[in-house]
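Notes to accompany the following structure.
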Amino acid sequence: MADSPSGIEIPPSSARMRTVRALLDGYSSLSVEQLLAPLSDDFGHWVLPASLGMPARTKDDFALHACGIFSIFDEFRMVPQAIFEDVAQGVVVVHARMEGALKGRRRQNDRRRKAADAAARAKAKGREQEQEAKTSGGGDGDWTNECVIMVRLSPDGEKIVEIQEFVDSVKATEMRRRHAPKHFFPGGDRLGSAAVVGNVLLFSCLAAGTFYGVRRMLQ
């Protein structure tokens with residue numbers, strides 16, 4: 001597998017590899033419906049290490065989670081760094097780098113950089129108009145993280161049955177504390193009462209560009 005600036009290429013050497021590529025494309029699309037497309041009806045999702053206290057998720061739980069996470073990003077990519085296929089076990093393991101642009105932060109920092117550039121040019125011309133650009137804790141508004149996902153697939157390789165996701169504990173805690181949508185992590189990870197679920201889910205799914213979760217909740 002040849003390296004590329006955006007990570008490695010996932011070869012379409014098997015149905016499992018094609019399905020995992022569809023999964024990563026789903027993350028990058030910021031579309032919950034696209035993300036869910038390769039998942040089986042009895043799909044399960046686990047976040048590791050267990051010390052984070054994240055609950056196991058069903059497919060519907062995972063949809064809610066994706067709605068909330070997608071709602072805070074303008075852009076997001078899962079960039080594979082390494083990938084391994086265990087044919088006997090029907091498992092694909094991916095080490096991926098997560099790259100995202102938090103909503104509004106990139107535009108805000110672009111304005112600040114432009115102001116700083118203008119101030120520097122003014123100073124170079126001898127003008128006393130220097131302005132100090134302020135930076136936020138989010139750097140350039142970019143979010144980076146990495147994970148290892150262990151993906152178990154159906155015997156034909158067409159559907160994803162289970163994902164165990166090992167994340168950077170520090171970054172996961174920071175995401176929960178600083179960037180998660182309001183009410184999204186009131187009890188560790190799960191949304192709270194049915195009323196809160198309905199309201200938060202509606203706005204999160206609208207922001208993420210899908211009505212999947214709303215339809216499921218109303219059925």
Side-chain angles (χ1 to χ4, degrees), residues 5-7 10 20-39 43 45-47 52 54-55 57 59-81 94-113 135-149 151 160 163 165-186 188-191 196-197 199-217:
S6 58
I10 299 179
V20 168
R21 182 164 59 182
L23 173 71
L24 299 185
D25 288 345
Y27 278 109
S28 300
S29 73
L30 290 179
S31 163
V32 176
E33 288 183 311
Q34 183 173 337
L35 177 64
L36 298 180
L39 308 185
F43 169 79
H45 179 258
W46 289 264
V47 175
L52 285 173
M54 297 287 200
R57 300 186 184 105
K59 186 175 182 178
D60 286 348
D61 293 332
F62 187 69
L64 292 173
H65 176 74
C67 281
I69 296 300
F70 284 0
S71 73
I72 68 173
F73 285 103
D74 279 327
E75 301 171 15
F76 188 83
R77 293 196 310 153
M78 288 277 277
V79 184
Q81 306 298 303
V94 183
H95 170 214
R97 176 179 169 84
M98 294 180 276
E99 301 174 350
L102 295 166
K103 280 189 179 295
R105 299 286 285 278
R106 178 164 288 180
R107 289 188 292 274
Q108 182 183 56
N109 282 286
D110 283 345
R111 288 194 295 269
R112 287 172 173 167
R113 280 195 295 271
T135 58
S136 70
D140 290 332
D142 293 334
W143 174 264
T144 59
N145 200 349
E146 62 181 321
C147 67
V148 173
I149 56 174
V151 185
I160 294 170
I163 293 177
E165 180 178 355
F166 205 105
V167 300
D168 181 323
S169 301
V170 173
K171 286 295 189 80
T173 302
E174 182 181 352
M175 170 65 78
R176 190 189 321 204
R177 180 174 55 86
R178 296 182 56 190
H179 303 298
K182 189 177 181 181
H183 303 311
F184 195 65
F185 291 109
D189 178 63
R190 301 286 296 246
L191 290 162
V196 172
V197 168
N199 291 333
V200 175
L201 178 61
L202 173 61
F203 290 112
S204 294
C205 288
L206 284 173
T210 180
F211 287 95
Y212 170 86
V214 176
R215 290 199 303 267
R216 297 284 293 186
M217 289 298 297

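Between Asp74 and Leu102 there is no side-chain heavy-atom pair separated by less than 4.5 Å. Counting only heavy atoms from C-beta outward, the side chains of Ile149 and Leu23 approach each other to under 4.5 Å. In this structure, the side chains of Glu99 and Val79 come closer than 4.5 Å at one or more pairs of heavy atoms. Between Thr144 and Arg97, the closest side-chain pair of non-hydrogen atoms falls below 4.5 Å. Side-chain contact between Met98 and Glu146: absent, with no pair of heavy atoms (C-beta onward) separated by less than 4.5 Å.
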Walk me through it: do Val47 and Arg57 pass the test side-chain contact (heavy atoms from CB on, under 4.5 Å)? CA-CA 9 Å; Val47 175; Arg57 300 186 184 105; 3.5 Å; yes

Does Asp25 form a side-chain contact (heavy atoms from CB on, under 4.5 Å) with Leu35? I'd like the steps, not just the answer. CA-CA 8 Å; Asp25 288 345; Leu35 177 64; over 6 Å; no

For Ile163 and Phe43, run side-chain contact (heavy atoms from CB on, under 4.5 Å): C-alpha distance rounded to whole Å, both residues' side-chain angles, the deciding distance at 0.1 Å, then the answer. CA-CA 8 Å; Ile163 293 177; Phe43 169 79; 3.7 Å; yes

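Heavy atoms only, all atoms of each residue included: Phe76 and Tyr27 are closest at CD2-O, 3.6 Å. Of all non-hydrogen atoms in Val32 and Ala63, the two that sit nearest each other are CG1-O, 4.1 Å.
Remark: Arg77 does not engage Glu75 in a salt bridge, criterion side-chain N to carboxylate O under 4.0 Å.
Note: Lys59 NZ to Leu64 CG = 13.0 Å, rounded to the nearest 0.5 Å. Atom CG of Leu30 is separated from atom OG of Ser71 by 10.0 Å, given to the nearest 0.5 angstrom. Interatomic distance, Asp168 CG to Asn145 CG, rounded to the nearest 0.5 Å: 5.0 Å.
Between the side chain of Ser28 and the backbone N or O of Met78 there is at least one donor-acceptor pair closer than 3.5 Å.
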